[in-house]
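Residue numbers start at 1 and run along the sequence shown. All ligand and atom numbering here is 1-based and tracks the order in the structure.
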Amino acid sequence: MALLTVGSIALDSIETPFDKTDNALGGSATYIALAASYFTAPVEVVGVVGEDFATEHIEMLEKHNIGLDGMQVIKNGKTFRWGGKYHFDLNTRDTLFTELGVFENFNPIIPEKHQKSDFLILGNIGPDLQLKVLEQMEKPKFTVCDTMNLWIDLMKDKLIEVLKQVDVLIINDSETRQLTSEPNLIKSAQMIQKMGPKYLIIKKGEHGALLFGENQIFSAPAYPMTDIYDPTGAGDSFAGGFTGYLHRERDLSFESLKRAVIYGSTMASFCVEKFSTKGLEDLSTLEVKARYNEFKELSRFE
Ligand code: AMP
């Protein structure tokens, strides 16, 4: 059965201290699907684009065995556009603009054959839309959810409804504190787990990630990167690598989730090495495995 993801498909305009690009392929579902495609198939995407979405993007995604039956193409519509500018340290960014286009009226319709998908990744879209997706699914075995500060600000109640129905929430450290109003990250994580998710992953940017299970915590290292070019999509690539690995292995034990966190970090590290989705387009499974092994060495000690 498929791994299904629902999220944004976008054209991004990105500025970093080193370079600038306009209308490059982006979006949460795009990064998630590409990262997951290195582990498993089929990966199915539900999203929306306008008629301006280039055929070359569709061909590139199809080359990675990504199913696009659920991608709505709206006649005369414009694809969602997002502009972001990174500060000098690449850890913080400002949103320069958001042009919703066809995303404004996006109604995620899950094709009937994908309603039975047993793994679901709710990419970063409004929690109202995430709820609509959950309503259409036939009890997935494993649901992973991403979100962002915007939705904690605007739709916290709806987000809390979503959390009751997911197995894993992936969130960053500042969003964790924002969601619970609790400054201590460990206490904050426990509060979120009480809201529903059995597991919580807190991303700490260049300082790694924490996985919280039932009375267990795993601290994953960060890869010492010397060539961070464009951090866009790192969180989504993490979610795709994490869930793609679990979908392939069919093992949902805590030990397996720990390995999945390292595979998520591996895909995020490839993502940020190039602009837009380029860092995820031409990898080999050998390269992925080699970097996973480097991660293992980083924190091995007796
Ligand atoms: P990340 O860097 O992992 O937070 O994800 C970046 C991607 O999220 C970009 O490719 C954007 O197109 C997309 N994005 C930005 N804002 C939104 C939003 N409000 N809803 C959905 N996707 C968004």
Side-chain angles (χ1 to χ4, degrees), residues 5-16 21-36 45-50 52-53 57 61 78-87 90-106 108 121-130 132-133 144-155 158-159 162 169-175 201-206 209 228-243 264-265 267-281:
T5 186
V6 186
S8 57
I9 303 170
L11 297 174
D12 291 344
S13 297
I14 299 157
E15 283 181 43
T16 73
T21 180
D22 277 331
N23 293 321
L25 180 61
S28 54
T30 312
Y31 283 105
I32 289 171
L34 274 172
V45 168
V46 168
V48 64
V49 296
D52 55 351
F53 193 68
H57 298 325
L61 294 169
K78 284 201 146 195
T79 301
F80 171 60
R81 282 175 166 73
W82 175 78
K85 183 175 178 171
Y86 288 89
H87 298 177
L90 292 176
N91 279 324
T92 46
R93 74 180 176 206
D94 297 325
T95 289
L96 297 179
F97 64 85
T98 306
E99 289 170 15
L100 289 176
V102 293
F103 207 44
E104 185 163 11
N105 298 312
F106 178 41
I121 309 178
L122 296 167
N124 176 25
I125 48 174
D128 51 338
L129 298 183
Q130 291 177 327
K132 279 192 178 177
V133 173
V144 176
C145 174
D146 190 10
T147 192
M148 71 189 287
N149 54 356
L150 178 74
W151 310 122
I152 303 173
D153 275 341
L154 297 181
M155 292 190 197
K158 287 243 158 52
L159 179 61
V162 173
L169 174 67
I170 302 180
I171 190 169
N172 72 31
D173 41 3
S174 65
E175 291 157 357
I201 295 172
I202 302 182
K203 296 170 289 181
K204 296 186 294 160
E206 60 185 338
I228 303 182
Y229 207 60
D230 172 13
T232 310
D236 308 312
S237 307
F238 179 97
F242 171 81
T243 319
S265 308
M267 298 317 286
S269 74
F270 282 121
C271 171
V272 303
E273 282 178 343
K274 294 186 184 165
F275 248 101
S276 170
T277 53
K278 295 289 174 215
L280 298 179
E281 289 183 24

Find all atoms of ligand 1 within a distance of less than 4.0 Å from any non-hydrogen atom belonging to [X], and give their numbers and elements.
X      : value
Gly26  : 10 (O)
Ala10  : 12 (O)
Tyr31  : 10 (O)
Gly235 : 3 (O)

message: Would you say that Tyr229 contacts Val272 through its side chain, given a criterion of any heavy-atom pair below 4.5 Å between the two side chains?
response: no
**Prompt:** Can you find a pair of side-chain heavy atoms, one from Ile121 and one from Phe242, that are under 4.5 Å apart?
**Reply:** no
Quick test: of every protein heavy atom, which one is nearest to [atom], and how far off is it to 0.1 Å?
atom                    : answer
atom 16 (N) of ligand 1 : Trp82 CD1, 3.6 Å
atom 21 (C) of ligand 1 : Asn124 O, 3.0 Å
atom 14 (N) of ligand 1 : Phe80 CE2, 4.0 Å
atom 4 (O) of ligand 1  : Arg93 NH2, 3.0 Å
atom 9 (C) of ligand 1  : Asp12 OD2, 3.2 Å

Tell me whether [X] contacts the main-chain N or O of [Y] through its side chain, where contact means a donor paired with an acceptor under 3.5 Å.
X      : Y      : value
Thr79  : Ala10  : no
Gln130 : Asp146 : yes
Ser276 : Leu25  : yes

All heavy atoms of Ala29 vs all of Val45, minimum pair found to be CB-CG1, 4.1 Å
Check your understanding: Does ligand 1 have an atom under 4.0 Å from some heavy atom of Lys203?
Key -> no
Would you please determine whether Thr232 falls within less than 4.0 Å of ligand 1 on a heavy-atom basis? yes
Quick one: does [X] get an N or O within less than 3.5 Å of an N or O on ligand 1?
X      : result
Ser8   : yes
Gly27  : yes
Gly233 : yes
Asp236 : yes

Lys278, NZ atom: more than 12 neighbouring heavy atoms under 6.0 Å
no
Would you mind writing out the side-chain donor-acceptor pairs for residues 231-241 within the sub-3.5 Å range, not counting sequence neighbours?
residue	atom	partner	partner atom	Å
Thr232	OG1	Tyr86	OH	2.7
Thr232	OG1	Asp230	OD1	2.7
Ser237	OG	Gly233	O	2.8

Contacts satisfying side chain to side chain donor-acceptor pair (under 3.5 Å) that involve residues 25-34 (not counting sequence neighbours) are Ser8-Ser28
Practice problem: May I have the step-by-step check of side-chain contact (heavy atoms from CB on, under 4.5 Å) for Ile125 and Phe103, ending in yes or no? | Solution: CA-CA 10 Å; Ile125 48 174; Phe103 207 44; 3.5 Å; yes
